[in-house]
Amino acid sequence: MAITKSKRGRAAYSDEGGAPPVRDAWVFWGLLALLVWAPLPLGSNRTFAIGILVPWVFALLAGALWAWRGQADAAWQRLALFKWPLMALGAFVLLVWFQTLPLPSAWVQALSPEAWRVQDGVAPFRLSLDVFQTRLYAALSTGYFCAFLLVLLTVRDRARLDQLAMGLVVAGVLQAVLAVVLFSATAHYQIYFFEVLHDRTKGSFGYHNHFAGYMELCLSIGVGLMLARLGKDASQGSGWKHVVGRILAFVLSPKMRLRMLLVVMVIALVLTRSRMGNAGFFASLVIVGLISLALTRRSAPAMVTLVISLIVVDVVVVGSWVGLEKVVNRVQETATTIDGGGAEESIEQRQQAALAALGLVRDFPAFGTGGGSFYNSFMRYRATDKVYFDHAHNDYVELAADYGLVGLGLLGAFVLATFYAAARTLAKRRSSLPRGIAFGVMMAIVSIAIHSWVDFNLQLPANVLTLMVIMAMGWVAYNLPSGRHTGEQ
């Protein structure tokens, strides 16, 4: 692909051979608008919101395909670069739809004996025990796949990759500002049949841990973008004059504005009082920082400076100002067992549903009980009739229960492949933007992977959509064309 200029002066994309340009700017901006919209209606965790989100993604993908209509071969060549993640994610989507299909009795008996026993003489044989909910989740899964595909098709150069990263930062800051304002007013209202009390920062989400998960994602890509822009500094020298000069240049540069946006999101994250949300973000910063140092030392000074800045400014200064000690106190008051006497909910209590749900995984090991069926299928496995769980509070267990070990394996392969591609980008590329985006992608994956042990962020449409876009950005950065004319790779 080559970059040309349209009559309005905007960048357009065409084949080297002079094929018509791919004019899909409106699709790209529609994607950015979707990322801002998705968190607004309780994180899109309502049926009507899903009814907006999924058609929106389908419309954007249709627009992208229309823009590529004269260059089908070029489109296929581009998608061929991403065949492995597309195959893994596509196989998972097909699995969810397969769960909804009526199947011969012998098939269900062979594939899922317990599902056959539950439905024998009661309902048509399917792998899903709640076909209507699984159809909803199948539509959502298809939407996520289309969003992933949409990023691969529309984000083809450094400019759009940078703009998409900045768009996620802006979406995160808007949520952070909204969260702090509502928290300051201790807002209390009912919306979409759900009562919300802003005794912690929640933004437009109904649950503070879901908002914390969203902040982790936006902060991660923001840190990556900050690292990419720090990497553009051309000033050299080790004397104190050079150091002071670089500091002053940074304070007066657009990078400082980005840094302040990250501070705003850190404030909102700390004020969630989410133990695992805060621990996941800062642990991912350290873990990915160490991985980056192990893979390459080319960006070591910039990366070390950024990590130290985040720890010192965000944790010590900002965290102390907004009450990070309350998060620390919650962690200290968290006992391992119920009998441990902690003032906060113990680890054992938090994992009760997940431990009981292992019975679901044992009975439906291969293909699960159907996407979105946990709240219903779990009823006969819960330890007490006095407590109701609609989620397992452990994404790994809930994914295994809903989609079986086959579905969990497909998703695991997709995530691990994405993490590996991002790590390869860090190790092999010299250009600052791909490396910075790869850093942010790895942080997002590690952060959510940690948080998912005690929560269910991967059941919330807004968070999953955002994570899917971020992982697509990792693959785009991995396959970004080298800037040979500038010496970049």
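Note that this is a predicted model, so its numbers are computed, not measured.
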Kindly determine whether Met468 and Phe414 satisfy side chain to side chain contact (heavy atoms under 4.5 Å, CB included), including the steps that lead there.
CA-CA 11 Å; Met468 198 63 61; Phe414 169 69; 3.8 Å; yes
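- Taken to the nearest 0.5 Å, the CD atom of Gln459 stands 9.0 Å off from the CZ atom of Phe374.
- Note that the CG atom of Asn457 and the CD1 atom of Ile448 stand 4.5 Å from one another [nearest 0.5 Å].
- The CG atom of Leu269 sits 11.0 Å away from atom SG of Cys218, with the distance rounded to the nearest 0.5 Å.
- Side-chain contact, Gln99 with Ser128: no donor N or O sits under 3.5 Å from an acceptor N or O.
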Under the side chain to side chain contact (heavy atoms under 4.5 Å, CB included) rule, what do Met473 and Ile221 come out as? Steps first, then yes or no, please.
CA-CA 10 Å; Met473 291 170 67; Ile221 207 66; 3.9 Å; yes
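- Taken to the nearest 0.5 Å, the CG atom of Leu405 stands 11.0 Å off from the CG atom of Leu399.
- Formation of a donor-acceptor pair under 3.5 Å by the Arg429 side chain with backbone atoms of Ala477 is found in this model.
- No donor-acceptor contact under 3.5 angstrom links the side chains of Tyr207 and Asn45, judged on distance only.
- Aromatic ring centres of His198 and Tyr189 lie closer together than 6.0 Å.
- Contact check for Ile437 versus Leu480: no side-chain heavy atoms found under the 4.5 Å cut-off.
- A cation-pi arrangement, defined by a distance under 6.0 Å to the six-membered ring centre and an angle within 45 degrees of its axis, is present between Arg160 and Phe28.
- Nearest heavy atoms, Leu60 versus Val27: O-CG1, 3.4 Å.
- Shortest non-hydrogen contact noted between Ile450 and Gly280 is CG2-CA, 4.0 Å.
- Residues His393 and Val454 fail the side-chain proximity criterion, which asks for heavy atoms closer than 4.5 Å.
- The 12-atom threshold is exceeded at CH2 of Trp26, counting heavy atoms of other residues, nucleotides or ligands nearer than 6.0 Å.
- Contact annotation: the side chain of Leu426 approaches that of Met442 to within less than 4.5 Å [non-hydrogen atoms, C-beta and beyond].
- The closest donor-acceptor contact from the side chain of Ser292 to the backbone of Val288 lies at 3.5 Å or more, if one exists at all.
- Salt bridge status for Asp130 with Arg135: absent, with no side-chain N to carboxylate O gap under 4.0 Å.
- When all heavy atoms are compared, the tightest approach of Gln163 to Leu32 is O-CD2, 4.3 Å.
- If you check the side chains of Asp402 and Tyr137, you find no donor sitting under 3.5 Å from an acceptor.
- Within the 3.5 Å criterion, the main-chain N or O of Ser284 finds no donor-acceptor partner in the side chain of Ser447.
- Salt bridge annotation for Arg273-Asp199: absent, with no cationic side-chain nitrogen under 4.0 angstrom from a carboxylate oxygen.
- Leu467 places a side-chain heavy atom less than 4.5 Å from the side chain of Leu458.
- Closest approach of Ala64 and Leu153 over heavy atoms only: CB-CD1, 4.5 Å.
- By the 30° and 60° cut-offs, the orientation of the rings of Trp453 relative to Tyr396 is tilted.
- Without hydrogens or angle criteria, Lys202 side chain to Leu197 main chain gives a donor-acceptor distance under 3.5 Å.
- Among residues at least two apart or in separate chains, there is no salt bridge (charged side-chain N to carboxylate O under 4.0 Å, His left out) pair with a member in residues 167-180.
- Considering only heavy atoms from C-beta on, Phe439 stays 4.5 Å or farther from Thr425 through its side chain.
- Taking every heavy atom of both residues into account, Phe82 and Trp475 meet most closely at CE2-O, 3.4 Å.
- Taking CG of Leu411 as the start and CG of Leu89 as the end, the distance is 7.5 Å to the nearest 0.5 Å.
- The distance from the OG1 atom of Thr142 to the CG atom of Leu61 is 11.5 Å, given to the nearest 0.5 Å.
- Gln133 and Ser373 make their closest contact through CG-N, 4.4 Å (heavy atoms, listed as atom of the first residue, atom of the second, distance).
- The shortest distance between side-chain heavy atoms of Leu31 and Val151 falls below 4.5 Å.
- Looking at Glu398, its side chain never comes within 3.5 Å of a backbone N or O of His391 through a donor-acceptor pair.
- Side-chain contact between Gln175 and Ser204: present, with at least one pair of heavy atoms (C-beta onward) separated by less than 4.5 Å.
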Intermediate values then yes/no, side chain to side chain contact (heavy atoms under 4.5 Å, CB included), Thr201 and Leu182:
CA-CA 7 Å; Thr201 48; Leu182 293 175; over 6 Å; no
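- Taking 4.5 Å as the limit, every side-chain heavy atom of Arg200 sits out of range of all side-chain heavy atoms of Leu271.
- Aromatic ring centres of His210 and Phe456 lie closer together than 6.0 Å.
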What do the steps show when you test Val170 against Val36 for side chain to side chain contact (heavy atoms under 4.5 Å, CB included), and what is the final call?
CA-CA 8 Å; Val170 170; Val36 174; 5.6 Å; no
Arg275/Asp455 under salt bridge (Lys or Arg N to Asp or Glu O under 4.0 Å): CA gap, chis, key distance, verdict:
CA-CA 11 Å; Arg275 291 164 290 183; Asp455 262 306; over 6 Å; no
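- A donor atom on one side chain and an acceptor atom on the other are found under 3.5 Å apart for Ser274 and Asn209.
- Side chains of Trp97 and Thr134: no donor on one and acceptor on the other come within 3.5 Å.
- Among residues two or more places apart in sequence or in another chain, the ring-ring contact (aromatic ring centres under 6.0 Å, His included) test is passed with Phe92 by Tyr403.
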